[in-house]
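Have a look at the structure below before the remarks.
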Number of protein chains: 2
Amino acid sequence: MKKTTLKEIAETLGISISTVSKALKNYPDVSAKTKKRVIDLAESLQFTPNTFAQSLRSNESKTIGVIIPSMVHYYFSSILDAIIKESEKNGYMVIILQSNEDHELEKKQINLLLNKGVDGILISLANGTKDFQYLQKVIDYGIPLVLFDKINKLLKCSKVIINDIKASYDVVTYLINKGYKRIAYFRGDLNPQNSIDRFLGYKKALEDNGIKYDSSLVYLSPIANFDEGYANAKKLIEEDKIDVDAIYTITDLTAIGVINYLNEKNIKIPDEIAVFGFSNWFMSSVITPTLSSVEQNAYRTGEKSVELLFKEIDSKQKGEPFKHETITIDTELVIRNST
Amino acid sequence: MKKTTLKEIAETLGISISTVSKALKNYPDVSAKTKKRVIDLAESLQFTPNTFAQSLRSNESKTIGVIIPSMVHYYFSSILDAIIKESEKNGYMVIILQSNEDHELEKKQINLLLNKGVDGILISLANGTKDFQYLQKVIDYGIPLVLFDKINKLLKCSKVIINDIKASYDVVTYLINKGYKRIAYFRGDLNPQNSIDRFLGYKKALEDNGIKYDSSLVYLSPIANFDEGYANAKKLIEEDKIDVDAIYTITDLTAIGVINYLNEKNIKIPDEIAVFGFSNWFMSSVITPTLSSVEQNAYRTGEKSVELLFKEIDSKQKGEPFKHETITIDTELVIRNST
């Protein structure tokens with residue numbers, strides 16, 4: 001099958017190949033008249049650009065890379081859902097990598113994506129990530145980069161986050177208003193910004209409501225999974241902290257571990273101990289009792305992240321300046337039977 | 001920064017560029033002596049192959065494409081987890097697309113992946129898929145293709161499946177042995193092979209145990225989600241099918257919809273009605289009551305699929321013949337409180 005090439009269109013019209021290419025991409029530096037001539041001819045010849053050749057010429061791969069800490073995870077699956085759908089609408093494909101919360105692996109993956117020549121990178125940082133040289137390199141190379149969920153404040157790039165301090169403050173204020181006074185917190189890893197911020201929100205809400213912060217009520221769940229929730233609940237009960245009347249956790253999966261332990265021990269939720277999660281996993285609406293949580297709008301986070309990335313890619317291609325943005329996604333409390 | 005190229009290595013050693021390239025890739029048609037000379041020189045020059053240029057020369061993109069029906073789905077997330085990890089170990093990146101069970105979209109996505117020049121494609125078919133011309137095209141183009149989970153038997157390519165007839169037969173036989181006699185089945189869409197096979201297993205187990213098949217006990221859940229399970233359970237109860245003593249469903253998410261409806265109506269599980277799912281979602285181990293299910297070994301399915309794909313890509317690169325395989329992954333019943 002004979003395929004029409006950019007070259008043939010250029011020769012027929014007596015203009016350069018790069019003008020044809022620019023015209024087809026609607027670049028501003030080609031006149032409206034030339035654009036019309038190119039598009040009319042391309043259409044009459046049923047010209048379909050060869051993506052691979054096109055990406056060579058334009059230096060665009062029409063591919064973006066996404067790095068997430070974990071794949072089997074309701075929140076990240078929902079974000080990927082949005083990223084893949086929106087990218088496809090924009091003619092982009094998505095390469096997905098998972099860091100497994102491993103800093104060194106994440107570093108390697110950034111290099112892989114740079115070698116691959118992706119047009120932009122979206123990333124939610126691994127917990128272990130402490131130095132950010134390799135991400136600074138992405139920025140220095142001029143590759144558009146957007147951080148979402150687990151971010152670093154110091155990097156000069158676009159970010160999509162929630163207000164973790166406020167969301168967490170709202171949870172604890174709600175619990176206090178419901179009469180709970182000894183609120184344990186199963187916090188996330190010490191390093192990520194969102195984990196730090198949720199902890200600060202917890203602490204501030206206690207203090208603003210005249211409740212003294214007690215570090216013995218804070219348990220660490222670095223991986224934030226089911227097992228850690230279960231184990232920490234067991235530890236809390238076995239340590240005889242009998243005055244604890246509520247347990248609040250870094251994420252729903254951990255809270256579900258707590259619920260499972262309390263159910264097993266016939267400790268009544270919420271009468272003896274209330275439980276509050278974070279992220280509003282689907283699971284939380286179908287377990288017994290249903291779990292109160294914070295709706296984080298994962299899908300919207302994905303949509304906004306990819307939207308910012310495409311805006312920056314577009315500016316870069318047009319040679320226009322781009323101003324980085326930080327978008328804060330709204331959250332709301334979802335109150336269910338566990339509180 | 002000056003970069004060493006394949007050309008310079010070739011000129012220095014007085015051999016062709018393609019021999020250098022083949023030597024670096026350990027192709028069998030280059031002598032051990034030449035390979036050593038090339039590798040020694042490449043190392044002394046700190047030569048790093050430019051992936052993009054390399055893929056142009058070798059016609060390998062070091063990228064594979066995966067199409068799944070849905071992203072926010074425990075079974076598919078677990079499969080992707082395996083595919084991404086195994087691909088990375090093999091130096092491959094993974095482009096992920098989701099068909100949303102839409103046949104036309106899937107067709108378009110196959111073309112996108114072909115245009116992108118991926119080295120191989122993994123796919124679990126959308127329910128709507130009825131003609132397979134575009135998949136035949138992948139095979140005709142010589143692009144390695146592996147079908148997993150939702151497959152078509154007629155396509156001549158490798159496949160990774162479970163024995164759906166047997167797994168389903170085992171579920172229903174188990175229920176009958178436990179004394180359940182009126183077993184309703186909330187089946188999946190009419191079209192996919194796995195849905196057909198699970199239905200056949202259900203029917204055969206009834207017949208082999210002297211129970212007459214009753215089509216009025218079969219309800220359709222084409223999307224196989226929570227809402228369909230809930231709605232079908234409601235319908236069954238409202239239709240006064242009071243002799244039904246067990247409900248078996250196409251997947252756990254649907255079964256969890258059933259459990260939620262029965263719990264709401266204070267219908268005791270399993271005393272009044274038992275519930276049996278399929279796929280063993282994590283959720284099923286933490287809801288009340290915990291749900292009996294079929295462990296499908298999703299992670300292993302992903303591992304085997306990608307392993308077959310790489311074997312075929314490797315054979316193709318070496319110009320060796322490749323024999324397609326169908327791998328059947330073991331399943332087992334996981335008995336919990338719902339039965």
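All values derive from a computational prediction rather than experimental measurement. Chain letters run A, B, ... following the sequence lines, proteins first, then strands; residues in each count from 1.
A 4.5 Å side-chain heavy-atom check between A/I64 and A/I313 finds at least one atom pair inside the cut-off. Residues B/I329 and B/K304 form a side-chain contact, since some pair of their non-hydrogen atoms from C-beta on lies under 4.5 Å apart.
Among pairs with a residue in residues 81-92 of chain A, those fulfilling salt bridge (Lys or Arg N to Asp or Glu O under 4.0 Å) read A/D81-A/K85, A/E86-A/K89, at least two apart in sequence or across chains.
For the atom pair NZ (A/K107) and OG (A/S99), the distance works out to 13.5 Å, reported to the nearest 0.5 Å.
Between B/Y134 and B/H103, the distance from one ring center to the other falls under 6.0 angstrom.
Using a distance-only test at 3.5 Å, with no hydrogens or angles considered, no donor-acceptor pair links the side chain of B/T290 to the main chain of B/S285.
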Check the pair A/L80, B/V72 against side chain to side chain contact (heavy atoms under 4.5 Å, CB included), reporting the backbone distance first and the verdict last.
CA-CA 9 Å; A/L80 286 179; B/V72 188; over 6 Å; no
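The candidate with the highest count of non-hydrogen atom pairs below 4.5 Å against chain B, out of A/I287, A/I96, A/L97, A/L113, is A/I96. With chain B as the partner, the residue from A/L112, A/L105, A/V66, A/N100 showing the most heavy-atom pairs under 4.5 Å is A/L112.
In A/R336, the CZ atom is crowded: over 12 heavy atoms of neighbouring residues, nucleotides or ligands sit closer than 6.0 Å.
A perpendicular orientation is assigned to the rings of B/F148 and B/F76, their planes being inclined by more than 60° (bins at 30° and 60°).
Classification of B/E101 and B/K150 as a salt-bridged pair holds, one side-chain N sitting under 4.0 Å from a carboxylate O.
For A/I84, the part sitting under 4.5 Å from any heavy atom of chain B is the side chain, from C-beta outward, and nothing else.
Close approach to chain B, defined as a heavy atom under 4.5 Å from one of its heavy atoms, is seen in A/L253, A/I256 of residues 248-259 of chain A, taken by number. Heavy-atom proximity under 4.5 angstrom to chain A picks out nothing from residues 273-281 of chain B.
Here A/N260 pairs with A/F226, A/Y230, B/V286 under the side-chain contact (heavy atoms from CB on, under 4.5 Å) rule; sequence neighbours left out.
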